[in-house]
Amino acid sequence: MKTLLELDGVAARYGPVQALTDVSLVVREGEVVAVLGANGAGKTTTLRAISGTVSRTGAIDLDGKSLKGGPEAIAKAGVAHVPEGRGTFVDLTVTENLKLGAYTRRDRSVKADLERIAEYFPWMTERGGQRAGTLSGGEQQMLALGRALMSRPRLLLLDEPSLGLAPMVVREFFRIVRQLNEDEGLTVLVVEQDARIALRASQRAYVLEVGHVALTGTSSELEGDESIRRSYLGY
Amino acid sequence: MLAAAFTDFMQQVVSGLASGGIYALLALALVIIHRSTGVINFAQGEMATLSAYIAWALIAHHSWGYWPAFAATLVISFVGGIGIHTAVIRPVERGSVLRIVIVTIGLLVAINGFVVWQWSGEPQQLQSPFGTDVYDVGGVVVAAHDIGTITVALGIVLLLGALFRFTKVGLALRAAAVNPEEARLVGVRVSWMLGLGWGLAALLGAVAGMLTAPTVGLDPNMMAAVLIYAFAAAILGGIDSPIGAVVGGLLIGVLLNMLSFLSQYGMFDWFTEELRLPMALLIILAVLLVRPHGILGRPEVKRV
Ligand SMILES: Nc1ncnc2c1ncn2[C@@H]1O[C@H](COP(=O)(O)OP(=O)(O)OP(=O)(O)O)[C@@H](O)[C@H]1O
Ligand SMILES: [Mg+2]
């Protein structure tokens, strides 16, 4: 498979706090890759480095081309980032949130895509006029996913989608992600605290430890190795 | 007697709506900037004055027709608003709210000084595009300028509303104002949108200035009082609600005229024209105390 995203020696800091020291990872086209690690390991910062919301050093390539510029340019290059806490536009309606997802697109098939999204999330059509801020947490997470899909991303970045959601909603969320991956070949890099569910949903995984990659392997390898599970994944 | 009172009443309503329309435009400008920067643009009135002077200069010194001058002034003001954002607001945008406030106050002083330096403080006459005709509608005397003002103000408000509601750039403007971080993630150039907001605010101010000058006379301080009424309108309607600003503007215009009307008929007979401005301040204070989010604003909900 072709390499879609490549991080090589990425480092990032917030003022005096060195959040990433040396992160290198690869995501191939059509893969679901998980990034795991304890609180403060640098998972969110890794995604922020990719989407350009934090300044970084080191190389990040999308499809062989260096990802440069601010978040707007990187969004336009085909990276959709669903941030920690979902980043819904709470004052805007469901439909407006979805339309904003397609902001970088110039083609005219946005309407067709709204219908395509509705196949995954039928309630979004009926409740298109509802203010996003009044949706439940699970619905907002689904909306954030739907909005990201509206951009027809080459790469989808998900930051802790399970945060604050009931187990059933989390399973439903990852079921949809897997379905998108299988049916449409969507490439996903997902950050999760909940290693168990992330390993089930992904093909490969990286484990971060204080700003660098501590280990990597296929998801089934990591899941099957009890000592790794105990010492790194905490279950 | 009753019929006379009714025509007086209607007359006050019409002229209240006309001045209210102007307050609404300026209040809308304040709201647009407040939503995106979190501050009140104290220079909004002077920006409007400058626009009115530009229109006057085009007509008086360069013998342009009224409407071409009107259109050109809108374009100049729009571009100027974007320029002000780029040159003086953007550099301090990331700082504290206080810094932006101080910059807008500096801007107020600077524009006022510029106007006096360029055109002297002498009052000038900017004509009304609607002429000085008055119509008699069933005994109610209405000035063509008032009708024109109401029409133009409503027209601009509707156009702007359509821009915000139905266009892609309008959606991006709203998203950028309230959730700048998330807006950048979906590819919206937030700083352009903020600049565009300043451009629109300057354009609204230009219309307000050009409509105010014919009645109060064009002079460097002509918008000072109007700005206070616009503050009152924006606060009354809800400082973050564009529709609230419009409703608030019309309400303030009509409300103040109602006081004049009632004082003619023995009620509130202490009320004189000199008390209009203090009354507006009283309204600001009362709204802030009783209902800080105004009529149509949403109360600030803190998430726990
Ligand atoms: N805005 C910030 N300012 C200062 N330090 C920060 C900031 N954001 C993150 N950090 C620090 O950078 C390090 C990495 O944070 P990051 O958010 O990437 O961790 P994480 O793996 O996503 O953690 P969590 O699982 O808790 O979300 C932490 O030490 C954190 O305290
Ligand atoms: Mg995180």
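No hydrogens, no waters, no symmetry mates; every other heavy atom, side chains included, goes into these values. By convention in this document, chain letters (A, B, ...) are assigned in the order of the sequence lines, proteins followed by strands, and residues within each chain are numbered from 1.
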Taking the ring centre of each residue, are B:Phe231 and B:Tyr23 less than 6.0 Å apart?
no
Can you tell me how far apart CG (B:Leu288) and CG (B:Leu236) are? Round to the nearest 0.5 Å.
10.5 Å
Which bit of A:Leu100 is near chain B, if near means a heavy-atom gap under 4.5 Å: side chain, backbone, both or neither?
both
I'd like to know if B:Asp240 and B:Arg298 make a salt bridge, using a cut-off of under 4.0 Å between side-chain N and carboxylate O.
no
So, the part of A:Arg105 with a heavy atom under 4.5 Å from chain B: the answer is backbone
Out of A:His81, A:Met150, A:Arg131, return the one with the most heavy atom pairs under 4.5 angstrom to chain B.
A:Arg131
In terms of heavy-atom pairs under 4.5 Å, which option from B:Glu182, B:Arg189, B:Arg184 contacts chain A the most?
B:Arg184
Side chain / backbone / both / neither for B:Val178 at chain A, heavy atoms under 4.5 Å:
side chain
Side chain from CB out, backbone as N, CA, C, O: work out which of these in A:Ser151 comes under 4.5 Å of a heavy atom of chain B, or both, or neither.
neither
Indicate the atoms forming the closest heavy-atom contact of A:Ala148 with A:Val82, along with that distance.
CB-CG2, 3.7 Å
Under 3.5 Å: donor-acceptor pair, side chain of A:Glu160, backbone of A:Ser162
no
